[in-house]
Amino acid sequence: MPLNIEAARRVQERLAGRVVFLPLPPVEIVAGLDVAYVGDTALGAAVAVRMADLSLADRACSVTKSVVPYVPTFLAFRELTPMLRAYMKLRAKPDVILVDGHGVAHPRRFGIASHLGVVLGKPTIGVAKSRLYGVEKGDVVVDPETGEVLAKVVNCGGKRYVSVGSHATLSDAVRLVEDLCRGGDIYPLKAAHDLTQVMKKAWRRGALSHDEHGDSCP
DNA sequence: GCGACAG
DNA sequence: ATCTTGTCGC
């Protein structure tokens, strides 16, 4: 199943108008989402931790068939489903979600973090390891057309481009991400990525059941 | 036409 | 993202 680029673009352009910029409510629980692949199988992981002590609040996984290819600026059409399926299994719902990828620092102001935030109608923050769109001016990324600030560069084991997904403010997003920097990684995202790697090994051993069945977490 | 291009 | 182990350096 390829990917109808024209249709996908229209979806992004329309939903981009639903992105909301609001102060981030008090965060008690924060979650990190990530997706890994083994052939055409997508392995999604969601890890929720308590802001207070970073203790594990909950975790969930998803195992689905990957059907959409990766096309720059359309990452959500490939990874949103694996992420959502894992997220929905979380019993401890987070106050905010961290996503691997950009939020509004996107050509159409609708990266995967924004897509998730609009779909769930809750706070999301995009954290990417490299730039996708915009011009880097010091520790900020601005839109070359409007000059608007789209993201801020945060240092945590290398450059991290932090942008609002939805239902958050850039300053609040940056503050939260900086607070979660541990050992050169953003804790919740590192935890989700680690879980993803454990899933890959389990999957290769045939120790993971295909989604709709059991607790696909190793 | 050429270069850029999250994961 | 994924293909892939050990090795040099602090």
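Within every chain, numbering begins at 1; the chains are lettered A, B, ... in the order of the sequence lines, protein sequences first and strands thereafter.
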Next on the checklist: Please evaluate residues A:Glu136 and A:Tyr161 with respect to the criterion side-chain hydrogen bond (donor to acceptor under 3.5 Å, both in side chains), reporting the C-alpha separation (whole Å), side-chain torsions for both, the decisive distance (0.1 Å), and the verdict.
Outcome noted: CA-CA 10 Å; A:Glu136 216 169 311; A:Tyr161 296 82; 2.8 Å; yes
Next on the checklist: Evaluate A:Arg109 against A:Ser114 for side-chain hydrogen bond (donor to acceptor under 3.5 Å, both in side chains), listing each step before the verdict.
Outcome noted: CA-CA 8 Å; A:Arg109 304 289 177 73; A:Ser114 297; over 6 Å; no
Item to check | Stems formed with participation of DNA chain C [Watson-Crick or G-U wobble, under 3.5 Å, three or more pairs] | outcome: none
Checklist entry - How would nucleotides 2-7 of chain B be written as a contact map, 5' to 3', with B for base contact, S for sugar-phosphate-only contact and - for no contact, using protein heavy atoms under 4.0 Å? => result ---BBB
Checklist outcome for this item: Writing each nucleotide of DNA chain B 5' to 3' as (, ), [, ], | or . by Watson-Crick or G-U pairing under 3.5 Å yields .......
Checklist entry - Is it the case that more than 12 heavy atoms not belonging to A:Gln197 sit under 6.0 Å from its CD atom? => result yes
Checklist entry - Does atom OH of A:Tyr87 have more than 12 heavy-atom neighbours from other groups under 6.0 Å away? => result yes
Checklist entry - Given the rule in the salt bridge (Lys or Arg N to Asp or Glu O under 4.0 Å) test, do A:Arg9 and A:Glu6 qualify, once you have shown the distances and angles that lead to the verdict? => result CA-CA 5 Å; A:Arg9 173 177 286 107; A:Glu6 297 311 315; 3.6 Å; yes
Next on the checklist: I want to know whether A:His115 and A:Phe77 have ring centres closer than 6.0 Å.
Outcome noted: yes
Next on the checklist: Just N and O in the side chain of A:Lys200: are any of them under 4.0 Å from OP1 or OP2 of C:dT2?
Outcome noted: yes
Item to check | Distance in angstrom units between A:Leu189 CG and C:dA1 P, rounded | outcome: 12 Å
Next on the checklist: From CG of A:Leu33 over to C1' of C:dA1, roughly how many Å is that when rounded to an integer?
Outcome noted: 16 Å
Checklist outcome for this item: Shortest non-hydrogen pair, A:Gly184 vs A:Arg160, comes out as O-NH2, 3.7 Å
Item to check | Cation over ring face, A:Lys200 and A:Tyr37, 6.0 Å, 45° | outcome: no
Item to check | Trace of the salt bridge (Lys or Arg N to Asp or Glu O under 4.0 Å) decision for A:Asp53 with A:Arg50 | outcome: CA-CA 6 Å; A:Asp53 55 2; A:Arg50 301 183 182 80; 5.2 Å; no
Checklist entry - Base, sugar-phosphate, or nothing: which does A:Arg108 touch, judged by heavy atoms less than 4.0 Å apart? => result nothing
Checklist entry - Between A:Thr41 (side chain) and A:Lys65 (backbone), is there a donor-acceptor pair under 3.5 Å? => result no
